[in-house]
There are 2 protein chains.
Amino acid sequence: MLDRTDAAVRAAGRGPEDEGARGRFDRIYQALRMRICLLDYAPGERLREEDLAEEFGVSRTPIRRVLVKLEAEGLLRSVHGVGTIVTDIDVGELAQVYELRVELAELVGKLSPAVVDAPMVERFRQIRESCDQMVRKADPREFARINMEFFHLFNSLTTNQPLRELSERLYYQTTRIWLKTASRLKEYEELLVDEFIIFQREVADITEAVEQRDPAAAGHIRRAHIAMSFARIRRAADASVANAAPTSL
Amino acid sequence: MLDRTDAAVRAAGRGPEDEGARGRFDRIYQALRMRICLLDYAPGERLREEDLAEEFGVSRTPIRRVLVKLEAEGLLRSVHGVGTIVTDIDVGELAQVYELRVELAELVGKLSPAVVDAPMVERFRQIRESCDQMVRKADPREFARINMEFFHLFNSLTTNQPLRELSERLYYQTTRIWLKTASRLKEYEELLVDEFIIFQREVADITEAVEQRDPAAAGHIRRAHIAMSFARIRRAADASVANAAPTSL
DNA sequence: TTTTCTTATGTTGTGCACAACATCATGAGG
DNA sequence: CCTCATGATGTTGTGCACAACATAAGAAAA
């Protein structure tokens, strides 16, 4: 029986540098997923297993493990003899994912709602403040980061773990495409500022709902915002291509 | 440019026995997932990579690839030095998954509904007939098989691919637990017959809705049936444990 | 007898060399 | 000049030996 104690001691005394196989796996996985989501690896870009192996100080084997998982989540696609490339989805598929995200957002406020306590409310308020402070400089990367942070916080409104995981998965599939689509538009700078202001408004509204201990209302607000966000980006994209090719008239 | 033609020809002329890496991967993946879902591998059971490698005539490497994907889907859990074991979830987690499945079932009929043509209706009718013919012998395995077949058919009512994948994932997570829970009850035989009759009724109702070209109605019917199915199994399980331990009174 | 340490055994995780595959460059033949 | 074959190059996929790890059995000491 002392073996278990020994093992527990070793696990507890494990420093941040000497991680086990599981910890290393998670670390690399999170790092790569973040890079894909933040467009460090753009859709269509090719990843070389050997480069990643060298960077993380391991061989190709554990890297491949991570890549398989990312492929299972639809973020990568490995082709024998060609390479592992970051997936890119067209507007039709994106619409389907958003269609689903909209519904799941509402469900987050409806299914197994978490008890909203003071610390939870405080976290929402902090995000809102971070938002207000950062409104002057609309850095795309910072916007993506805070957007992700808020997503996770909103997601914690439900205790339904499967719902959380599925929402998270769809989120990571869409935001990067959203960012990529937005960055290709000519009115990129203004659009980003507008989106940030709208996002700021969303955070404020949802924080208010949370303050009133009303997760369902928060869900409805977020549902509407996600739907409108996609509608805006699609309109902007359509208008952009319409402006790009009027020379043929 | 002719390289692509050559590649296409080789891909088309590829026989069933000489499959590429991708085909082999999918084959093993589907086989293992089916075994887990049909309780050939019971929850808690330990899988040995080497046995699987020998059975499928490959080394451990491609097997591990499959196991990683199955782990990403929540069907397996690999522990260093211990083994890869089939996941087992308690009634609380199961309730959460069902809670979500119920909602997704309704969404299948609501989001991006597929056009219901004559062949589609015919497939539903065939399932209904298979159901009627098989009502006399209530074989658990056959029940699971036809249930799965019907699930896939129902899922094809939506063209929303992400919704399909998510529904499928939750389905594979729950049915095996449902089967396992049911098989542990004392009234297993009668319960199975009852469930089969109820399932038969569900198939008939949904087929009727499909015949009337009303996917939304089909979604509502299935939603109700999934919810009731879980309520029944939970009640039966509660009653079973209540009967198992009244001796302490 | 009980406890504790050591050892044996079995499992997953890792590293490395090589095979399978796709693509591009090169050049011979028309 | 164009077409097609052929090899060169780079990538992912596979097999195998070994390391890391957890567990259970057994021996030694209290």
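Letters go in sequence order (proteins before strands), and every chain restarts at 1.
Contact between the side-chain N/O atoms of R22(A) and the OP1/OP2 oxygens of dC21(D) is not found at any separation under 4.0 Å. Remark: R60(A) is not in phosphate contact with dT12(D), judged by side-chain N or O atoms under 4.0 Å from OP1 or OP2. Between T84(B) and the phosphate of dT12(C), there is a side-chain N or O to OP1/OP2 separation shorter than 4.0 Å. Distances shown here put every side-chain N or O of T61(B) at or beyond 4.0 Å from the OP1 or OP2 atom of dT14(D).
Taking the ring centre of F25(B) as origin, the terminal cationic atom of R65(B) falls inside the region bounded by 6.0 Å and 45° from the ring axis.
In this entry the distance linking CD1 of I63(B) with C1' of dT14(C) reads 18 Å, nearest Å. One interatomic measurement links the two molecules: CG of L52(A) to P of dT11(D), which rounds to 12 Å at whole-angstrom precision. One interatomic measurement links the two molecules: CZ of R77(B) to P of dT11(C), which rounds to 17 Å at whole-angstrom precision. A straight line from CD of E19(B) to C1' of dT14(D) spans 14 Å, rounded to a whole angstrom. Between R46(A) atom CZ and dG10(D) atom P there is a gap of 11 Å when expressed in whole angstrom units. D51(B) places its CG atom 13 Å from the P atom of dG10(C), with the value rounded to the nearest Å. If you measure from atom CD of E54(A) to atom P of dG15(C), you get 13 Å, rounded to the nearest angstrom. Distance CD (E49(B)) to C1' (dT12(C)): 6 Å, rounded to an integer number of Å.
Side-chain polar atoms of E99(A) and S112(B) form a donor-acceptor pair below 3.5 angstrom. A donor-acceptor contact under 3.5 angstrom links the side chains of R176(A) and T87(A), judged on distance only. For the residue pair E103(B) and Y98(B), no side-chain donor N or O sits within less than 3.5 Å of a side-chain acceptor on the partner.
Comparing dT11(D), dG15(D), dT14(C) against the side chain of S59(A) picks out dT14(C) as the nearest. Among dT11(C), dT14(D), dT11(D), the nucleotide with an atom closest to any side-chain atom of R48(B) is dT11(C). Comparing dT12(D), dT11(D), dT14(C) against the side chain of R24(A) picks out dT14(C) as the nearest.
In this structure, E50(B) reaches neither bases nor backbone, as no heavy-atom distance under 4.0 Å exists between it and the strands shown. Using a 4.0 Å heavy-atom distance criterion, L47(B) is classed as a sugar-phosphate-only contact.
The pair E19(A)-R27(A) meets the salt-bridge criterion, since a charged nitrogen lies less than 4.0 angstrom from a carboxylate oxygen.
Nearer to the 5' terminus of DNA chain D, by closest-nucleotide assignment, is the contact made by V58(B) (compared with the other of V58(B) and V82(B)). Comparing G81(A) and A21(A), the nucleotide of DNA chain D nearest to each residue sits closer to the 5' end for G81(A). Residue-to-nucleotide proximity on DNA chain C shows that, of H80(A) and R65(A), the 5′-proximal contact is made by R65(A).
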